[in-house]
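In what follows, a single structure is set out as structure tokens and then discussed.
Proteins get letters first, then strands, A, B, ... in listed order; numbering begins at 1 in each.
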Amino acid sequence: MSRIASKFAHLQAQSRKALIPFITAGDPEPGQTVPLMQALVAGGADIIELGVPFSDPMADGPTIQRASERALAYGISLRIVLGMVREFRKHDADTPVVLMGYANPVEAYGVEAFARDAKAAGVDGALIVDYPPEECAEFAATLKAAGLDPIFLLAPTSVEARYAEVGAMGSGYIYYVSLKGVTGSAAIDLDEVARRIPAIREKVGLPVGVGFGVRDAATAARIAAVADAVVIGSRIIEIIEQSPPGEAPARVGEFLRGVRVAMDAKG
Amino acid sequence: MPENTYKLPDERGHFGKFGGIFVAETLMPALEELRLAYEAALCDPAFRAEFEYELEHYVGRPSPIYHAKRWSELLGGAQIYLKREDLNHTGAHKINNCIGQALLARRMRKPRVIAETGAGQHGVATATVAARYGMECVVYMGSEDVKRQAANVYRMKLLGARVVPVESGSKTLKDALNEAMRDWVTNIADTFYIIGTVAGPHPYPMMVRDFQSVIGRECLEQMPALAGRQPDAVIACVGGGSNAMGIFYDYIPHGEVKLIGVEAAGHGLESGKHAASLTAGRPGVLHGNRTYLLQDDNGQIIETHSISAGLDYPGVGPEHAWLKDSGRAEYVTITDAEALAGFHALCKYEGIIPALESSHALAYAAKLAPTLGKDKVLLVNLSGRGDKDMHTVAEKSGIQF
């Protein structure tokens, strides 16, 4: 069983939902990435989504774009990101790490080499935003062969026929993008999420995480009531942005603890 | 529209290994909706008739072909013919595509159109058709380009468009495209994204090519009447590649006609300051398709340079990538300095002020013509007029207005 699958199994046994924070590797500066990851775990993260910076993050809103630009200013490459995961793994053998990014840096690295090196570094899955199932059967197969989970997105605009297709190709979990638009957009339609999740879970056969637009503990708790996992990205990047130098890990950890408490409270 | 024995792309938008649909899940249904609407429109005689009517009466088509006799004689070799897209309404080939997409937007009941623009030519063409059809129009433009192209920004505003400066990334065309995509994914229900070149996710490369293919189709008819035969080579500049695809497309099955795309070598390929994606790039994924890209070893897209803003793009349409790898077309480069020489030559010897983009194609024709006999025929796509480039050329000549 993969580290992601056993994490979900473990949580389910406790009737808890997964909390999945996102940070961009190398933001606000490379030395803080591993401390940030550790602070996320201490704050209650079950899985970490680690963004691989790209020069043209087409699906991201301004907040994550800025994080990407800050990281790129330090020359953060996919190779360096894998090194950060290797460093994190020295002290944490339990928390799954999912790389999230765009196709071109992975292709420039080489798909086979990426799968091999990511696995060796301790990565558990990859979500490539601009690889829809139509274009990446081979990529998904390569990841699976290397023991990594290919993770896919579904959106409110996705027709139900796509659920099964994504379910057949993906593993680990499904990331349901809860609103139309880019990351960090405004309001989330909780009723729509609640309506969609059962159908997705049934057709896909994987745990369903919900993200894009989750900004506070109360929203996270309401999503946790219907989904298997809550993904929080832009809000965390904002906290990192607003933190005085060196204080980002502590502040992010504190924010996450509040979310964790709200999610675990039995309403 | 196209009647052609060459049948690419495939159903999912692939030209060999290039093209395709590389976008986030949130955009997939919008692209499917667009593809179906476009296919339905192509089968509708009323749509085709309206497109053709607009091209004739609003754009002023067919555009003539002009035999640049004097310049050809001075060069002392092949005869150079110019396809005069510069005489179109708004001064370039861009309008052909904008009309096609605006008519499709209206058919799909999308009252709002958005566009990306670099130098502003596609933005102006989009603002023009939005005014013509009574649509709301938002144009995304890198903030660096907004500063450099004040006249075009004003033109778009005159035409009723809202111009949004883009502050992310390198603040140029590629970032404007990213931002337009973000707008589209947020406003899918009422918005149509008019992409200006043969790039982006399927069906855009195919659709833009189809709308621009009127250029080559007219040439096929005009050349025998004017020159007594088809040309030996067709030459066009390539940034994203829409004017080149437009003139190449109907010539693809005519194997005896060479197809030559001219990329911007900027300060020279060895300087690293250029925009020659096909010549100096590697295949990768950007802006929804797989194609040749200018990128660093880590797969980050690098900043490009060309004297001509319209060629200043780190990618290229996927069909050009296919035409290159299949050997059907060849791609060459022309530096800023060579393009400027071509620009001045056409001004001086033919009384035509060409766009700096088109000047790259002219410069290559001027290189090639003297190596060929006087019985050879070169057809150059004069894709736009040079009024917009006055300040750039003047500055290079040390002249202040």
Side-chain angles (χ1 to χ4, degrees), chain A residues 52-62 65-66 68-69 72 75-81 101-110 114 127-136 152-159 161-162 165-166 174-186 212, chain B residues 11-14 17 19-33 166-171 173-189 191 200-202 282-291 293-303 314-315:
Chain A
V52 179
F54 181 47
S55 53
D56 294 78
M58 217 168 70
D60 284 302
Q65 286 173 49
R66 286 196 300 272
S68 224
E69 285 175 19
L72 287 175
I76 299 300
S77 62
L78 183 48
R79 194 172 304 278
I80 293 173
V81 176
Y102 292 80
N104 204 54
V106 172
E107 296 202 354
Y109 195 98
F114 166 72
L127 196 174
I128 305 301
V129 178
D130 49 353
Y131 263 164
E134 285 84 346
E135 295 287 357
C136 76
F152 287 94
L153 297 169
L154 281 173
T157 46
S158 302
V159 290
R162 290 183 71 76
E165 191 179 354
V166 162
I174 284 295
Y175 187 159
Y176 181 70
V177 172
S178 51
L179 40 80
K180 294 171 192 167
V182 293
T183 53
S185 311
F212 276 37
Chain B
E11 218 170 81
R12 283 178 173 181
H14 298 106
K17 68 173 181 175
I21 304 181
F22 292 87
V23 298
E25 178 65 21
T26 37
L27 270 179
M28 293 299 288
L31 291 166
E32 180 69 3
E33 182 194 5
V166 175
E167 301 288 351
S168 58
S170 58
K171 304 177 172 57
L173 174 60
K174 75 178 180 70
D175 310 285
L177 211 153
N178 292 333
E179 204 55 35
M181 279 282 179
R182 291 179 189 120
D183 177 314
W184 196 33
V185 76
T186 310
N187 301 295
I188 279 171
T191 298
H202 181 63
R282 283 179 292 126
V285 173
L286 179 70
H287 293 150
N289 67 95
R290 189 189 301 286
T291 188
L293 301 174
L294 292 170
Q295 53 180 313
D296 68 15
D297 290 343
N298 297 318
Q300 307 295 346
I301 306 307
I302 56 183
E303 285 183 37

Steps toward side chain to side chain contact (heavy atoms under 4.5 Å, CB included) verdict (B:Glu11, B:His202): CA-CA 9 Å; B:Glu11 218 170 81; B:His202 181 63; over 6 Å; no
Verdict with supporting geometry, B:Glu25 and A:Ser158, side-chain hydrogen bond (donor to acceptor under 3.5 Å, both in side chains): CA-CA 7 Å; B:Glu25 178 65 21; A:Ser158 302; 2.7 Å; yes
Verdict with supporting geometry, B:Asp175 and B:Ser170, side-chain hydrogen bond (donor to acceptor under 3.5 Å, both in side chains): CA-CA 7 Å; B:Asp175 310 285; B:Ser170 58; 2.6 Å; yes
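When heavy atoms are compared at a cutoff of 4.5 Å, A:Glu134 approaches chain B by way of both its backbone and its side chain. Neither the backbone nor the side chain of A:Ile80 comes within less than 4.5 Å of any heavy atom in chain B. Within the 4.5 angstrom heavy-atom criterion, no atom of B:Leu177 approaches chain A. Contact annotation for B:Gln295: only side-chain heavy atoms (C-beta onward) come within less than 4.5 Å of a heavy atom of chain A. Looking at B:Glu179, only its side chain comes within 4.5 Å of chain A, counting heavy atoms on both sides. Looking at B:His14, the atoms closer than 4.5 Å to chain A (heavy atoms on both sides) all sit in the side chain, from C-beta outward. Of the two parts of A:Leu127, neither the backbone nor the side chain holds a non-hydrogen atom closer than 4.5 Å to a non-hydrogen atom of chain B. Contact of A:Arg66 with chain B is not made at all, since no heavy-atom distance falls under 4.5 Å. Neither the backbone nor the side chain of A:Leu78 comes within contact range of chain B; no heavy atoms are under 4.5 Å apart. Both the backbone and the side chain of A:Pro57 come within contact range of chain B, judged by heavy atoms closer than 4.5 Å.
Here OH of A:Tyr131 is found 3.5 Å from CD of A:Glu107. Values are rounded to the nearest 0.5 Å. Note that the CZ atom of A:Phe152 and the OH atom of A:Tyr175 stand 15.5 Å from one another [nearest 0.5 Å]. B:Leu173 contributes atom CG, which lies 9.5 Å from atom CG of B:Asn178 (distance to the nearest 0.5 angstrom). The line from CG of A:Asp130 to CD1 of B:Ile21 is 12.5 Å long, rounded to the nearest 0.5 Å.
Judged by distance alone, the side chain of A:Asn104 and the main-chain N or O of B:Val285 form a donor-acceptor pair under 3.5 Å.
The residue among B:Arg290, B:Arg282, B:His287 with the most heavy atom pairs within less than 4.5 Å of chain A is B:Arg290. The greatest number of non-hydrogen atom pairs below 4.5 Å with chain A, out of B:Glu167, B:Gln300, B:Lys174, B:Arg12, is found for B:Gln300. Ranking A:Cys136, A:Pro132, A:Ser68 against chain B, the residue ahead of the rest is A:Pro132, based on heavy-atom pairs under 4.5 Å. Considering only heavy-atom pairs separated by less than 4.5 Å from chain A, the leading option among B:Leu27, B:Val23, B:Leu293 is B:Val23. Of the listed residues B:Ile302, B:Leu286, B:Asp297, B:Asp296, the one with more heavy-atom pairs under 4.5 angstrom with chain A than any other is B:Leu286.
Taking each heavy atom of A:Pro53 and A:Pro105 in turn, the nearest pair found is O-CG, 4.5 Å.
Residues passing the ring pair (Phe, Tyr, Trp, His ring centres under 6.0 Å) test with A:Phe54 are A:Tyr102, sequence neighbours excluded.
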